[in-house]
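Remarks on the structure that follows.
Heavy-atom basis, side chains included; hydrogens, waters and symmetry copies ignored.
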Amino acid sequence: MLHTRASGVLMALSSLPSRYGIGVCGEETKRFILKIKEMGFSYWQVLPLVPPDFFGSPYASEAAFAISPLYICPDTLLEMGLISAETLERNVYYGSPYTADYEFAQGSRRELLRAAFQNIDDTLRAQVRRFKDENRWCGDYALYAALKEKFGGKPWYEWDEPYRFYETAVEHAEAVADLRDRNGAKSSSLPTNTA
């Protein structure tokens, strides 16, 4: 393959047409891949798929391995029975189809993913846990992202004391997980008492 001439397309996934503010990993993605294959292209080079920074750039991400949740296709979550048609409708973007609206996508996708999380069944929950166990970075990044959201997007050195450092943040997160498991709660939250 390396000795064969080939051509490709360079385009960010977020640039694909979508009803959701930015391009997502859904049917549009499949259609695009088939279209460029029909046109004789062999490659699609995407920009990094990591969570973008505040300005939408994937080149200043806080994660090296995580894929941005913005690329999760709401249609797929509906097909899986994890969200309702009403929740899906709140994710539809009615602005210009020629722009990627990260602000809209971030706000609407957060609500969408919270709704989907509430409907995860035991089978899917086990798959998620298995993925987390097989990819050590995943739990650490999830904790970091949850804390970053809890503290309004502030940098880690401005977080409250017990959460500022990895070891104590992990201890607090494990205590919350144990309490959640004992109570049989579906949702998780970080403790609000920081004393």
### Query
Which is it for Glu161 and Arg164 under the salt bridge (Lys or Arg N to Asp or Glu O under 4.0 Å) test, yes or no, and what are the steps along the way?
CA-CA 5 Å; Glu161 237 346 282; Arg164 196 175 299 164; 3.1 Å; yes

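The two atoms that bring Glu28 and Pro17 nearest to each other are CG-O, 3.2 Å, heavy atoms only. When all heavy atoms are compared, the tightest approach of Pro162 to His172 is CB-NE2, 3.1 Å. Here the closest non-hydrogen pair linking Phe165 and Thr168 is O-OG1, 3.1 Å. Val50 approaches Ser61 most closely through the heavy-atom pair CG2-CB, 3.3 Å. Annotation for Thr87 and Ala115: closest pair CG2-CB, 4.1 Å, computed over non-hydrogen atoms. When all heavy atoms of Leu78 and Ala85 are compared, the closest pair comes out as CD1-N, 3.8 Å.
Distance check: Leu147 CG to Trp156 CH2 gives 12.5 Å after rounding to the nearest 0.5 Å. In this structure, CG in Leu112 is found 5.0 Å from CG in Leu77, a value given to the nearest 0.5 Å. To the nearest 0.5 Å, atom CZ of residue Arg125 and atom CD1 of residue Ile120 are 6.0 Å apart. Atoms CD and SG, from Glu79 and Cys73 in turn, are 7.5 Å apart once rounded to the nearest 0.5 Å. Here the CZ atom belonging to Phe65 is positioned 12.5 Å from the OH atom belonging to Tyr141, to the nearest 0.5 angstrom. To the nearest 0.5 Å, atom CG of residue Asn91 and atom CD1 of residue Ile83 are 6.5 Å apart.
For CD of Glu158, the number of neighbouring non-hydrogen atoms (other residues, nucleotides, ligands) closer than 6.0 Å is greater than 12.
At least one side-chain heavy atom of Met80 sits under 4.5 Å from a side-chain heavy atom of Thr76. Counting heavy atoms from C-beta outward, Leu88 and Asp75 have side chains that approach closer than 4.5 Å. Looking at Ser68 and Tyr102, their side chains never come closer than 4.5 Å, going by heavy atoms from C-beta outward. Using a 4.5 Å heavy-atom threshold, the side chains of Ile67 and Cys25 count as separate. Between Arg114 and Gln118, the closest side-chain pair of non-hydrogen atoms is not below 4.5 Å. A 4.5 Å side-chain heavy-atom check between Val9 and Lys35 finds every atom pair outside the cut-off. Residues Leu47 and Tyr59 are in side-chain contact: their nearest non-hydrogen atoms beyond the backbone lie under 4.5 Å apart. Counting heavy atoms from C-beta outward, Leu13 and Ile22 have side chains that stay 4.5 Å or more apart.
When the options Trp159, Trp137, Tyr166 are evaluated for a ring-ring contact (aromatic ring centres under 6.0 Å, His included) with Tyr144, the one that passes is Trp159.
Tyr93 and Phe104 have tilted rings, their planes meeting at an angle from 30° to 60° on a 0 to 90° scale. Ring-plane geometry between Tyr163 and Phe151 is classed as tilted, the angle between the planes lying from 30 to 60 degrees on a 0 to 90 degree scale.
Residues Leu82 and Tyr20 fall within the same hydrophobic cluster, defined by Ile, Leu, Val, Met, Phe, Trp and Tyr side chains chained together at heavy-atom separations under 4.5 Å. No continuous path of hydrophobic side-chain contacts links Leu34 to Phe41 [ILVMFWY only; heavy atoms under 4.5 Å]. Follow the hydrophobic side-chain contacts under 4.5 Å out from Leu70 and you never reach Tyr94; the two are in separate clusters. When hydrophobic clusters are built by joining Ile, Leu, Val, Met, Phe, Trp and Tyr residues whose side-chain heavy atoms come closer than 4.5 Å, directly or via intermediates, Leu16 is not grouped with Val92. Follow the hydrophobic side-chain contacts under 4.5 Å out from Val24 and you never reach Met11; the two are in separate clusters.
Salt-bridge formation is not detected for the pair Lys150/Asp160: no Lys NZ or Arg NE/NH1/NH2 atom is positioned less than 4.0 Å from an Asp or Glu carboxylate oxygen. Contact check on Glu27 versus Lys30 returns a salt bridge, with a Lys/Arg side-chain nitrogen under 4.0 Å from an Asp/Glu carboxylate oxygen. No salt bridge links Asp133 with Arg130; every basic N to acidic carboxylate O contact stays at or beyond 4.0 Å.
Between the side chain of Ser15 and the backbone N or O of Gly23 there is no donor-acceptor pair closer than 3.5 Å. For Thr99 (side chain) and Asp101 (main-chain N/O), no donor-acceptor pair under 3.5 Å exists by modelled atom type.
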